[in-house]
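Note that ligands are numbered from 1 as they come in the structure, with each ligand's atoms numbered from 1 the same way. In this text, all values refer to a predicted model and were calculated from it rather than measured experimentally. Side chains included, hydrogens not; waters and symmetry mates left out as well; all remaining heavy atoms used.
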Amino acid sequence: MATISGKCLCGSVSYESDTEPMFTANCHCTDCRAATGAAYSTLSFFKSADVKISGETKSYEHTADSGHHMTKLFCPNCGSQLFGENSAREGMISIRAGTIDQAELVKPARNVYCSSKIPSTPLDPDLPASEKMPEA
Ligand SMILES: [Zn+2]
Ligand SMILES: [Zn+2]
């Protein structure tokens, strides 16, 4: 059994990994809010080589305010956002943590882009919070 598994809403796209997330963060940036339609996005990061993806995804590429090239991968059938790649993080993939089956392994370590959060969104006071993305 894989350590991590998940799928989109319709099940056309699924993934597995034998490693736990390297890092998980809640992102309140306007791009994540627009892409997911949610108040914020929880992202779990893995080495791309550690994640096995099954099924066809569609992708959308855009440039973030950081100037980095972002690719968002989603199910072309149901529209679920699943994965993200960032030109600044070669070899890494983020997974939209809401799609992960093992909910107990989704442990955000910090909140980022709090400068653009929806004011009513509560923040865990025990976690560090940054205005933008902290440098490494
Ligand atoms: Zn789907
Ligand atoms: Zn974001």
Taken in chain and number order and not counting sequence neighbours, the residues that satisfy side chain to side chain donor-acceptor pair (under 3.5 Å) with S115 are none

Side chain to side chain, K47 and T19, heavy atoms closer than 4.5 Å: no

Around the Zn ion (ligand 2), how many protein N/O/S atoms fall inside 2.8 Å? 3

Set of side chain to side chain contact (heavy atoms under 4.5 Å, CB included) partners for L127, sequence neighbours left out: P108, N111, D124

Quick check: does any side chain N or O of S17 sit under 3.5 Å from a backbone N or O of I4, one acting as donor and the other as acceptor? no

Is it the case that over 12 heavy atoms from other parts of the model lie below 6.0 angstrom from the NZ atom of K7? no

For the OH atom on Y15, are there more than 12 heavy atoms of other groups (residues, nucleotides or ligands in this structure) within a distance under 6.0 Å? yes

With a 4.5 Å heavy-atom cut-off, do S54 and E16 have their side chains touching? no

Is Y113 close to D65 at the side-chain level, that is, under 4.5 Å between some pair of heavy atoms? yes

Ignoring waters, protein N/O/S atoms under 2.8 Å from the Zn ion (ligand 1) are C8 SG, C10 SG, C75 SG, C78 SG

Do other residues, nucleotides or ligands put more than 12 heavy atoms under 6.0 Å from the CD atom of E56? no

